[in-house]
Every structure is written in structure tokens, then in C-alpha cells.
Q: 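Take this structure, written in C-alpha cells, and hold onto it; I'll ask about it next.
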Protein chains: 2
Amino acid sequence: MLTIGKLGASAGVKVPTIRYYEQIGLLPEAERSAGNQRLYSQKALERLAFIRHARDLGFTLEAIRDLLSLSDQPDQPCAAADAIVIAQLAEVESRLARLGALKVELQRILTQCAGGKIANCRVIEALGDHSLCATDHRYPGLGATI
Amino acid sequence: MLTIGKLGASAGVKVPTIRYYEQIGLLPEAERSAGNQRLYSQKALERLAFIRHARDLGFTLEAIRDLLSLSDQPDQPCAAADAIVIAQLAEVESRLARLGALKVELQRILTQCAGGKIANCRVIEALGDHSLCATDHRYPGLGATI
DNA sequence: CTAATGTCTCTAGTAACTAGAGCTTCAAGG
DNA sequence: CCTTGAAGCTCTAGTTACTAGAGACATTAG
């Protein structure tokens with residue numbers, strides 16, 4: 001049995017994060033010691049490592065929740081798990097495309113700066129006016145993850 | 001003078017977002033009509049368009065705050081503005097690299113699935129175990145933007 | 001004049017944690 | 001056995017950049 005600290009160290013997850021995962025039901029409630037401290041089995045470590053790894057791959061906790069519940073049903077077909085991974089791949093590809101456009105645009109903006117004063121700074125001007133942009137990098141709904 | 005609705009439509013920003021920007025001090029407090037409704041000048045529209053465009057380019061509101069205060073000081077040298085853009089470019093490049101690795105890994109995971117049952121699903125297995133990965137896609141501190 | 005739309009303030013919710021306060025438990029050293 | 005420091009506990013609130021909703025007031029078109 002592992003304490004929460006050992007568990008976190010083993011899985012590469014911070015202690016408060018583990019408690020948070022338990023709170024939102026991603027991890028089952030841990031057993032407790034006589035002194036009310038959480039105790040974890042090897043199985044719990046595997047589950048946490050799964051979560052950590054999937055987070056590393058950019059999956060949301062919601063997607064991970066689905067993947068975990070699938071992995072608890074070994075006789076189900078793979079298709080559902082595949083679909084989640086495929087969706088994640090599509091998400092990653094769309095972000096890659098968008099970030100690529102951003103990179104180009106930022107580089108372009110930077111090359112225009114002659115290094116003078118703000119008053120005639122092309123950087124500030126380019127930031128203010130999308131029509132000066134070479135690519136259409138616009139995007140409704142900013143703020144996605146990773 | 002524009003009402004908040006017209007302003008939002010012109011700049012491509014939703015009305016509650018404009019009020020939010022005012023609340024956090026990114027936009028100055030608007031003039032009010034006799035009936036207490038916000039009224040905006042052309043200058044306010046430009047400022048909001050600047051913010052919107054910079055958000056499109058992935059700048060945080062904090063960075064935008066700095067850029068705006070720079071653009072209010074026309075006699076300052078460009079260097080500070082450039083630095084912010086350079087930092088943003090670096091951020092974008094690092095995310096691009098990371099997302100590229102994620103994409104490769106997700107594709108690799110998908111090719112391993114033979115389409116059977118969850119019990120022997122390589123997808124679930126690969127998600128659970130980083131040592132099965134070809135690339136080191138790990139990253140401390142998930143959850144960045146865009 | 002009425003109805004529909006727009007605007008107002010305020011609160012609370014989102015994702016995925018992180019930080020801190022104030023307390024208890026545990027393990028090791030003397 | 002006692003003490004001390006690390007690790008654990010619960011709870012609340014903060015982060016980013018918004019978004020959603022309630023309930024009331026303003027404006028405008030017909």
C-alpha cells in the first residue's frame with residue numbers, strides 16, 4: 001500500500017491533483033489508514049498512470065473518464081476507444097494548422113519592425129489591423145487547451 | 001457613437017465579453033447615455049479590434065494589456081513591443097513542437113489497434129503506459145491556451 | 001401604444017488544477 | 001518516551017478568459 005505522496009511520486013502527479021481527481025470521481029475513494037490517511041494499491045497506481053499519460057497526450061478529463069470506463073469493460077469492442085483517440089487526433093491536427101498560421105503571421109509581423117519608436121511601429125499597427133495579415137488566422141472560440 | 005451591440009458586431013466580440021474587458025480594466029469605462037447604456041467612439045472600436053486581433057494571434061490578456069499601454073506611449077522604442085511578440089512566437093513554436101509529437105504518438109497508437117475487444121486493445125494499453133511510446137511527449141504543466 | 005429587442009447589473013459556472021490556512025498523523029532521532 | 005519535522009487532512013478561494021442566466025430597465029419598429 002502506498003501513501004498519497006508515494007503514489008504521486010510514482011505516477012508523476014502532484015498530491016493535490018490526486019485528491020482533486022478523487023473529488024471529481026476520476027479516481028475511486030481511497031481506502032484509509034487508522035489515522036485517516038489515504039492508502040493506494042498497485043491498481044490505483046496503474047489507473048493514475050493511465051490518467052497522467054492520457055493527460056500528457058492532451059486528452060481532457062472527460063475523455064479520460066470515458067476511456068477509463070471503457071477499460072473497465074474488457075468485452076466491449078475497441079471502436080469506442082478508437083473513436084475517442086481519433087477525435088483527439090483531429091483536435092491536435094486542427095490546432096497544429098492554426099498554430100502554424102499563427103507562427104507565420106507572428107514572424108511576418110516581426111520582420112516589419114524597423115526598430116524605431118512605437119508611434120510608427122509596424123508591430124503595433126499589424127496587431128491592430130487584421131487586414132494587414134497575410135493569412136486568415138481567425139478563430140471563433142479561443143481558449144482551447146494545449 | 002455606437003451602442004455596445006453595434007460595437008461588438010463591428011469588432012467581432014460578444015457583448016458580455018466587452019463588458020468583461022471593461023470590468024478588468026482592459027477597456028476604459030464607457031460613456032453612458034441618458035438611459036445608462038454604454039456608448040462607444042470610433043477610438044474604442046479600434047482598441048477593441050486591437051484586442052480581438054491580438055487574442056486571435058494567441059496573446060494573453062496580460063500581454064495585450066502591456067501592448068496597449070505601449071501603444072499609448074508613442075515615443076517609447078519598439079523594443080518592448082517586439083519582445084512581447086517574440087515571446088509569443090516562442091510560445092507558439094514550443095506548442096507546435098509538442099503538438100507535433102502528440103500527433104505522431106496518437107497516430108502510432110491508432111495503427112496498433114486491430115479492432116478487437118477492449119481486453120486486448122492496444123489503444124488502451126498504449127494509453128496506460130508511456131514506455132510503449134516512441135516519442136517523449138511528456139510535459140510538465142498542461143493546460144496552456146490555444 | 002405595444003411588443004420585441006437590446007441593455008443593465010449581478011451571480012455563478014466552465015477546465016484543470018494550484019495555493020494557502022489551520023489542523024492532525026507519522027517516522028526518525030535522541 | 002519524547003520531540004521535531006515532514007507529510008497528510010479538510011476546506012476555501014484563486015487562476016484564465018470568458019459564458020450563461022435571472023430579473024429589471026431602455027429603446028425602437030410598427
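Below, chains carry the letters A, B, ... as their sequence lines are ordered, and counting in each starts from 1. Bear in mind the structure is a predicted one, so any value in this text is a computation, not a measurement.
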Q: For residues 103-129 of chain A, which residue pairs pass the salt bridge (charged side-chain N to carboxylate O under 4.0 Å, His left out) check, not counting sequence neighbours?
A: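 Pairs touching residues 103-129 of chain A that pass the test: A:K103-B:E93, A:E105-A:R108, A:R122-A:E125.
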Q: Identify, with sequence neighbours excluded, every residue that meets side chain to side chain contact (heavy atoms under 4.5 Å, CB included) alongside B:Y40.
A: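 Side chain to side chain contact (heavy atoms under 4.5 Å, CB included) check on B:Y40 returns B:L2, B:I4, B:L7, B:I18, B:E22, B:A30, B:R38, B:A44.
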Q: Rounded to whole Å, how long is the line connecting atom CD1 of A:I4 with atom C1' of D:dA7?
A: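 Checked: the CD1 to C1' distance equals 10 Å.
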Q: Can you list the residues that meet the side chain to side chain contact (heavy atoms under 4.5 Å, CB included) rule with A:A34, with sequence neighbours excluded?
A: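 Partners of A:A34 by the side chain to side chain contact (heavy atoms under 4.5 Å, CB included) criterion come out as none, since no residue qualifies.
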Q: How many Å lie between CD on A:E22 and P on C:dC17, as a whole number?
A: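 Those two atoms, CD and P, are 15 Å apart.
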Q: Indicate, with a heavy-atom threshold strictly under 4.0 Å, whether B:R38 touches base, sugar-phosphate, or nothing.
A: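 B:R38: backbone/sugar contact only, no base atoms under 4.0 Å.
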Q: OP1 or OP2 of D:dA7 less than 4.0 angstrom from a side-chain nitrogen or oxygen of A:T3, does that happen here?
A: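 Checking A:T3 against D:dA7: no side-chain N or O falls below 4.0 Å of OP1 or OP2.
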Q: In this structure, how many angstroms lie between the P atom of D:dC18 and the CG atom of B:D56, rounded?
A: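 Taking atom P of D:dC18 as the reference, CG of B:D56 is at 10 Å.
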Q: Rounding to an integer number of Å, can you tell me how far B:I18 CD1 sits from D:dC18 C1'?
A: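 Atom-to-atom, B:I18 to D:dC18, this comes out as 13 Å.
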Q: Choosing from D:dA17, D:dC18, C:dC17, which nucleotide comes nearest the side chain of B:T60?
A: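 Closest nucleotide to the B:T60 side chain: D:dA17.
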Q: Within this structure, what is the CZ-CD1 distance for the pair A:F59 and A:I51, rounded to the nearest 0.5 Å?
A: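 Those atoms lie 13.5 Å apart.
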Q: Mind checking what makes salt bridge (charged side-chain N to carboxylate O under 4.0 Å, His left out) contact with B:R65, not counting sequence neighbours?
A: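 So B:R65 forms a salt bridge (charged side-chain N to carboxylate O under 4.0 Å, His left out) with B:E62.
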Q: Kindly point out which of D:dC9, D:dC18, C:dC17 is positioned nearest to the side chain of A:Y20?
A: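 The answer is C:dC17, which lies nearest to the side chain.
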Q: Just jot down the side chain to side chain contact (heavy atoms under 4.5 Å, CB included) partners of A:A49, sequence neighbours excluded, or say none.
A: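 By the side chain to side chain contact (heavy atoms under 4.5 Å, CB included) rule, A:A49 matches no residue at all.
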Q: Can a side chain N or O of A:Y21 be found less than 4.0 Å away from OP1 or OP2 on C:dA16?
A: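 It does not, given that no N or O in the side chain of A:Y21 lies less than 4.0 Å from OP1 or OP2 of C:dA16.
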Q: Could you state the atom-to-atom distance from CG of A:L27 to C1' of C:dA16 in whole Å?
A: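 After rounding, the reported distance stands at 14 Å.
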Q: Please tell me which of the listed nucleotides, C:dT7, C:dT9, C:dC17, lies nearest to the side chain of B:R32?
A: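 Nucleotide nearest to B:R32's side chain: C:dT9.
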Q: Enumerate the ring-ring contact (aromatic ring centres under 6.0 Å, His included) contacts for residues 71-124 of chain A, please, sequence neighbours excluded, ordered by first and then second residue.
A: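 For residues 71-124 of chain A: none.
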Q: I want to confirm an ordering. Mapping A:L39 and B:E62 to their closest nucleotides on DNA chain D, which one lands closer to the 5' end?
A: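 Upstream on the strand: A:L39.
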Q: Enumerate the protein-to-nucleotides 1-6 of chain D contacts in which both atoms are nitrogen or oxygen and the separation is below 3.5 Å.
A:
none

Q: Is the backbone N or O of A:G12 less than 3.5 Å from a side-chain atom of A:R52, with the two atoms forming a donor-acceptor pair by type?
A: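 Looks like yes, one N/O pair under 3.5 Å.
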Q: Whole Å only: how far is the CD1 atom of B:I24 from the C1' atom of D:dG14?
A: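 Value for this atom pair: 15 Å.
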Q: Note the angle between the end axes of the helix from C:dC1-D:dG30 to C:dG30-D:dC1, five pairs defining each, rounded to 10 degrees.
A: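 One end's axis against the other's: 10°.
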Q: Would you tabulate the nitrogen or oxygen pairs shorter than 3.5 Å linking the protein to nucleotides 19-27 of chain C?
A:
unit_1	atom_1	unit_2	atom_2	d
C:dC26	OP1	A:G35	N	3.3

Q: Under the side chain to side chain contact (heavy atoms under 4.5 Å, CB included) rule, collect the residues that match up with B:T17, sequence neighbours excluded.
A: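 Listed in chain order: B:V13, B:K14, B:Y21.
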Q: I want to check one thing: is the phosphate of D:dT10, taken as OP1 and OP2, less than 4.0 Å away from some side-chain N or O of A:R19?
A: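 Negative; the distance criterion is not met.
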Q: Return the nearest nucleotide to the side chain of B:V15; candidates are C:dC17, D:dA17, C:dT7.
A: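 Looking only at side-chain atoms, B:V15 lies closest to C:dT7.
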Q: Going through the checks in order, is the side-chain contact (heavy atoms from CB on, under 4.5 Å) test met by A:L106 and B:Q88?
A: CA-CA 8 Å; A:L106 289 167; B:Q88 172 65 9; 3.6 Å; yes
Q: Taking the minimum atom-to-atom distance to the side chain of B:L61, which one of C:dC17, D:dA17, D:dG8 wins?
A: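 Of the candidates, D:dA17 comes closest.
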Q: Name all pairs fulfilling the ring-ring contact (aromatic ring centres under 6.0 Å, His included) condition that reach into residues 82-135 of chain A, sequence neighbours left out, sorted by first residue then second.
A: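 Listed once each, the pairs are A:H130-A:H137, A:H130-B:H53.
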Q: From CD1 of A:I64 over to P of C:dA16, roughly how many Å is that when rounded to an integer?
A: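 These atoms are roughly 8 Å apart.
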Q: Which atom pairs, one a donor and one an acceptor, fall under 3.5 Å between side chains of residues 67-82 of chain B and the rest of the protein, sequence neighbours left out?
A:
unit_1	atom_1	unit_2	atom_2	d
B:S69	OG	B:D66	O	3.3
B:S71	OG	B:L68	O	3.0

Q: What is the distance from CD of B:Q23 to P of D:dA17, rounded to the nearest Å?
A: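 Rounded to the whole Å, the gap is 14 Å.
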Q: Is it true that, when you exclude B:E31 itself, more than 12 heavy atoms of the residues, nucleotides or ligands shown sit nearer than 6.0 Å to its CD?
A: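 Incorrect, the count does not exceed 12.
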